[in-house]
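Read the numbers this way: they start at 1 and go in the same order the structure lists the ligands and their atoms.
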Amino acid sequence: MKILVSNDDGYRAPGITALRTALSTLGDVTVVAPDRNRSGASNSLTLDVPLRVFEASEPNVHFVQGTPTDCVHLAVSGYFDFEHDMVVSGVNDGANLGDDVLYSGTVAAAIEGRFLGLPAMAVSLCTSPDSGRHFDTGAEVARRLVARLLAQRLDRPLILNVNVPDVPWDQVRGFRSTRLGFRHPSERIIPARDPHGRAVYWVGPAGPQQDAGPGTDFEAVSEGYVSVTPLQIDLTRHAALPAVKTWLEGIND
Ligand code: MN
């Protein structure tokens, strides 16, 4: 099996190194990842400048001056003379829970791999400023999920959004299938001054959890479980179609 590994923290991040090492026991791993931290890049593609791919010193590790989506797009759309079977993104330094998936470059890299033969997977470690950063736990979770996929396939196209408590592996309580929760709106922007006295602004932290109720990804992680949420790309709100159809009647008269 050929596994494409990417992330949004950059090709030198400890999380991607742990992931590459763990998945190497299951198949041939190729890394194509951004040259630097591109967290929050979402599904953006670079269209106004050409993309350059560089070889790192480790074998089969490539880095790109581009976004996570650029990386996976290159890898699955002709950069290699072979096809990958799946993409695994991570292990991200930070949770991607609830609405986070809309901004996440980690999840975006998995989404870009959704047309490969096996489900795509984004793995995030729910770190906090003073947690231990157990990337090996995240990598072991990914290894077990990929091994399970090989033994027992899931329907495609499917994207698995996986969040892992930041604890040693032997303290993980188990795996739960979950739905995305919701966050409150993010904190207000943080104004500051640059060295020239000009106004600049920082995007504030994500909001606290709003729907962290039963069955959510927030709940699973807070109780010490690995959260596995199946995602779909269809953003159509099918239930609202009749109301919008009625609302549009006569607008062109
Ligand atoms: Mn990140």
Exercise. Assess Thr106: does it contribute an N, O or S atom lying under 2.8 Å from the Mn ion (ligand 1)?
Key: no
Quiz item: Which atom, among the N/O/S set of Asp8, is closest to the Mn ion (ligand 1)?
Solution: OD1
Quiz item: For the residue pair Phe63 and Tyr11, does the interplanar ring angle fall in the parallel (under 30°), tilted (30 to 60°) or perpendicular (over 60°) class?
Solution: parallel
Quiz item: In Asp9, the N, O or S atom nearest to the Mn ion (ligand 1) is which?
Solution: OD1
Quiz item: Going by distance alone, is a donor N or O of one side chain under 3.5 Å from an acceptor N or O of the other, for Asn96 and Ser104?
Solution: yes
Quiz item: Counting backbone and side-chain atoms alike, does Asn92 have an N/O/S atom under 2.8 Å from the Mn ion (ligand 1)?
Solution: yes
Quiz item: When you check the side-chain N and O atoms of Thr178 and Asp217, is any donor under 3.5 Å from an acceptor?
Solution: no
Practice problem: Would you check if there is a donor-acceptor pair between the side chains of Asp166 and Thr127 at a distance under 3.5 Å? | Solution: no
